J.: 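Sharing a structure, written as structure tokens. Questions coming.
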Amino acid sequence: HGATYSWGFGSRGQLGHGDRSSLHAPKRVASLKEHVVRHVACGDMVSAAVTTHGQVFMWGSGSHNRLGLGDLDDRCSPVCAPLDGQE
């Protein structure tokens with residue numbers, strides 16, 4: 001319940017496993033195992049997850065500030081995005 005898995009092309013870290021490897025079979029995103037994920041969205045090179053506590057995690061390509069983290073760096077593991085009014 002609430003577990004997040006990913007697989008496919010991972011060249012920009014969009015699978016969230018801490019590297020840029022591609023996978024042919026589903027693998028649990030280990031860094032999210034302590035969170036109950038309610039929603040997941042995936043794009044070409046970006047992934048996002050929203051937890052039951054309202055936290056938003058982003059990972060993948062940071063180009064064009066796609067991750068909303070204030071820089072252009074790629075993230076190979078989920079990073080909790082700062083939201084307005086939250087620290």
Side-chain angles (χ1 to χ4, degrees):
H1 169 45
T4 303
Y5 293 80
S6 66
W7 64 98
F9 192 61
S11 69
R12 300 298 293 265
Q14 65 265 43
L15 299 182
H17 300 293
D19 60 22
R20 297 174 186 271
S21 298
S22 297
L23 296 173
H24 296 286
K27 178 179 177 181
R28 187 169 187 181
V29 179
S31 62
L32 291 175
K33 70 181 179 181
E34 300 300 320
H35 303 277
V36 178
V37 173
R38 177 174 282 167
H39 302 286
V40 175
C42 303
D44 187 31
M45 294 182 280
V46 178
S47 300
V50 179
T51 71
T52 55
H53 293 291
Q55 295 168 295
V56 177
F57 288 87
M58 302 292 300
W59 62 98
S61 172
S63 66
H64 307 288
N65 197 29
R66 289 181 183 157
L67 301 177
L69 299 174
D71 58 42
L72 305 178
D73 298 336
D74 292 354
R75 301 301 201 291
C76 294
S77 295
V79 174
C80 190
L83 302 176
D84 287 344
Q86 294 183 350
E87 304 253 338

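Sequence positions, counted from 1, serve as the residue numbers for this chain. Just so you know, these numbers come straight off a predicted model, no measurement behind them.
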J.: Would you please name every residue forming a side-chain hydrogen bond (donor to acceptor under 3.5 Å, both in side chains) with Ser6, sequence neighbours left out?
T.: His17
J.: Among pairs that include at least one residue of residues 47-60, which meet salt bridge (charged side-chain N to carboxylate O under 4.0 Å, His left out), considering only residues two or more places apart or in two chains?
T.: none
J.: Could you report the tightest heavy-atom contact between Asn65 and Gly70, atom names first, then the distance?
T.: OD1-N, 3.3 Å
J.: Can you give me the closest heavy-atom contact between Gly16 and Val29, atom names plus distance?
T.: O-CG1, 3.5 Å
J.: For the residue pair Gly10 and Ser22, what are the closest heavy atoms and their distance?
T.: N-OG, 3.1 Å
J.: Could you tell me the separation between the CH2 atom of Trp59 and the SG atom of Cys76, rounded to the nearest 0.5 Å?
T.: 12.5 Å
J.: Within this structure, what is the NE2-SG distance for the pair His35 and Cys80, rounded to the nearest 0.5 Å?
T.: 7.5 Å
J.: Do Met45 and Val79 sit in the same hydrophobic cluster, where Ile, Leu, Val, Met, Phe, Trp and Tyr count as joined when their side-chain heavy atoms come under 4.5 Å apart?
T.: no
J.: Quick check: do Pro82 and Leu69 have side-chain heavy atoms less than 4.5 Å from each other?
T.: yes
J.: Under the side-chain contact (heavy atoms from CB on, under 4.5 Å) test, which residues partner Ser63, sequence neighbours left out?
T.: Arg12, Ser61, Arg66
J.: Can you list everything that forms a side-chain hydrogen bond (donor to acceptor under 3.5 Å, both in side chains) with Arg75? Sequence neighbours excluded, please.
T.: Asp71
J.: Under the side-chain hydrogen bond (donor to acceptor under 3.5 Å, both in side chains) rule, what pairs show up with a residue in residues 38-48, not counting sequence neighbours?
T.: none
J.: When you group the ILVMFWY residues by side-chain heavy-atom contacts below 4.5 Å and let the links chain together, are Leu83 and Met58 in the same group?
T.: yes
J.: Consider only side-chain heavy atoms of I, L, V, M, F, W and Y, link residues closer than 4.5 Å, and tell whether Leu15 and Trp7 are in one cluster.
T.: yes
